[in-house]
Amino acid sequence: MSAIVSVQNLRKAYAGGFEALKSVSLDIEEGEILALLGPNGAGKTTLISTICGITVPTSGTITVGGHDTQTAFRAARALIGLVPQEINLEPFETVMNTVRFSRGLFGKPRNDAYLEDILKQLSLYDKKDNKVMTLSGGMKRRVLIAKALSHEPRVLFLDEPTAGVDVELRKDMWEVVAKLKASGVTIILTTHYIEEAEAIADRVGVINKGEILLIQDKADLMAQMGRKQLKIELSAAVGAIPDALADYELTRADDGLSLLYHYDTKGERTGITTLLADLQKAGLQMKDLQTQQSSLEDIFVGLVKETA
Ligand SMILES: Nc1ncnc2c1ncn2[C@@H]1O[C@H](COP(=O)(O)OP(=O)(O)OP(=O)(O)O)[C@@H](O)[C@H]1O
């Protein structure tokens with residue numbers, strides 16, 4: 001695979017001096033789905049807007065399909081579709097005219113068959129002659145996607161595509177994204193929903209305070225950083241963890257009725273057998289045991305906390 005978007009040492013300081021991006025470098029591979037995670041104000045929208053040419057970088061370079069976004073903006077921008085966070089549609093226009101107009105802005109020849117196909121993919125075809133103002137919020141979000149795809153871009157940026165969208169529609173949108181990927185479009189999305197990244201991304205990038213903390217294959221990330229938790233339910237509550245068990249770094253839970261033990265899934269030894277033996281020696285009676293794999297959410301929260 002080769003990089004379709006390449007960002008090198010990108011810095012963005014807003015007027016007033018606030019540094020929203022601090023020397024960000026990343027390559028986005030053709031055909032992948034990259035999810036950018038980060039808390040509010042991390043710099044996700046700034047990164048996307050800068051790549052799309054809406055925000056001017058303070059320094060650094062960006063290329064899209066080999067075109068420099070500063071010296072060959074039109075060529076770079078023609079390859080990009082952007083679905084913004086805000087709904088910015090003309091309320092009195094019909095769905096079909098909205099997408100037709102947007103395609104025209106990129107100087108593409110009229111091609112209703114292509115646009116109708118996009119509307120069908122997004123389950124909007126039966127609404128094509130409806131005015132935008134008559135659509136539901138979820139449908140308007142899908143019109144935004146259709147609009148962004150109207151000029152046949154190779155890279156699609158989705159900024160919080162499912163914000164404020166109900167669970168069912170969110171899953172529909174994931175299907176749409178999967179279909180787009182299958183048709184060869186590279187997708188970059190920002191999201192607050194970690195389950196969204198877990199469900200659809202090939203790679204996950206975590207941004208905090210204008211810096212990329214990590215960018216990694218999702219499966220590798222979960223295998224490397226995923227820790228397991230063992231929950232030991234006791235027959236009687238303990239007020240404090242016995243000194244003899246100090247090495248295990250256990251935490252009390254459920255008012256002392258449970259103890260939590262964390263171990264590395266990649267480690268050669270989990271330490272569970274010796275822990276169970278030592279629990280018995282310390283006179284603690286075990287009622288039940290449960291294990292739980294840490295989710296992407298646990299990993300993300302841990303990372304952001306570390307750099308807080
Ligand atoms: N036009 C601007 N002028 C000054 N500061 C700005 C401007 N736009 C954004 N910022 C600041 O830059 C930082 C990054 O904002 P950005 O919108 O990129 O974050 P984000 O990760 O997209 O957040 P959210 O998840 O809330 O959308 C924030 O501290 C924000 O206040």
Side-chain angles (χ1 to χ4, degrees), residues 5-28 33-62 64 69-70 73 77 80-89 137-138 140-141 144-145 148 155-167 169-170 173-174 177 186-201 203-216 218 221 295-308:
V5 177
S6 182
V7 176
Q8 298 302 324
N9 307 315
L10 181 65
R11 248 189 87 236
K12 173 65 190 176
Y14 282 111
F18 180 77
E19 231 187 352
L21 295 175
K22 301 167 187 161
S23 198
V24 166
S25 295
L26 92 140
D27 281 338
I28 298 163
I33 301 181
L34 171 68
L36 292 173
L37 295 172
N40 284 134
K44 304 179 297 293
T45 302
T46 303
L47 176 60
I48 287 188
S49 316
T50 315
I51 298 173
C52 297
I54 296 165
T55 301
V56 182
T58 305
S59 60
T61 54
I62 303 163
V64 180
T69 55
Q70 289 181 82
F73 175 68
R77 184 64 181 85
I80 296 176
L82 170 63
V83 182
Q85 248 179 59
E86 310 290 332
I87 294 179
N88 58 350
L89 299 166
K140 285 182 192 147
R141 286 219 164 264
L144 286 180
I145 300 180
V155 187
L156 184 68
F157 288 89
L158 295 150
D159 200 358
E160 295 281 346
T162 56
V165 156
D166 68 30
V167 180
L169 184 58
R170 203 179 301 160
M173 302 272 259
W174 297 353
V177 169
T186 304
I187 294 153
I188 298 96
L189 62 102
T190 71
T191 182
H192 278 123
Y193 299 107
I194 294 176
E195 52 155 349
E196 187 152 275
E198 209 167 323
I200 64 177
R203 274 202 306 164
V204 175
V206 178
I207 303 190
N208 195 25
K209 298 184 178 166
E211 285 176 305
I212 296 201
L213 299 183
L214 71 80
I215 179 152
Q216 210 173 358
K218 179 187 65 185
L221 175 66
S295 65
L296 189 56
E297 175 150 14
D298 302 327
I299 298 169
F300 170 70
V301 170
L303 267 173
V304 171
K305 233 193 244 164
E306 262 174 40
T307 54

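In each ligand, atom 1 is the first atom listed, and ligand 1 is the first ligand listed.
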Q. Hey, what do you get for CD1 (I28) to CD1 (I187), rounding to the nearest 0.5 Å?
A. 12.0 Å
Q.
Can you confirm whether E196 sits close enough to L189 that some side-chain heavy atom of one is under 4.5 Å from a side-chain heavy atom of the other?
A. yes
Q. Given side chains that start at C-beta, do those of T190 and I207 come closer than 4.5 Å, heavy atoms only?
A. no
Q: Looking only at non-hydrogen atoms, find the nearest pair between D27 and R203 and report the distance.
A: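 Nearest pair, atom of D27 first, then R203: O-NH2, 2.7 Å.
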Q) Among pairs that include at least one residue of residues 40-53, which meet side chain to side chain donor-acceptor pair (under 3.5 Å), considering only residues two or more places apart or in two chains? A) Y14-T46, N40-H192, T45-Q85, T45-D159
Q: Would you check ligand 1 and list the protein residues that come within less than 4.0 Å of it by any heavy atom, ordered by chain and number?
A: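 Lining ligand 1: Y14, F18, A20, P39, N40, G41, A42, G43, K44, T45, T46, Q85, H192.
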Q: Using a strict 4.0 Å threshold on nitrogen-to-oxygen distance, state whether E198 and K218 make a salt bridge.
A: no
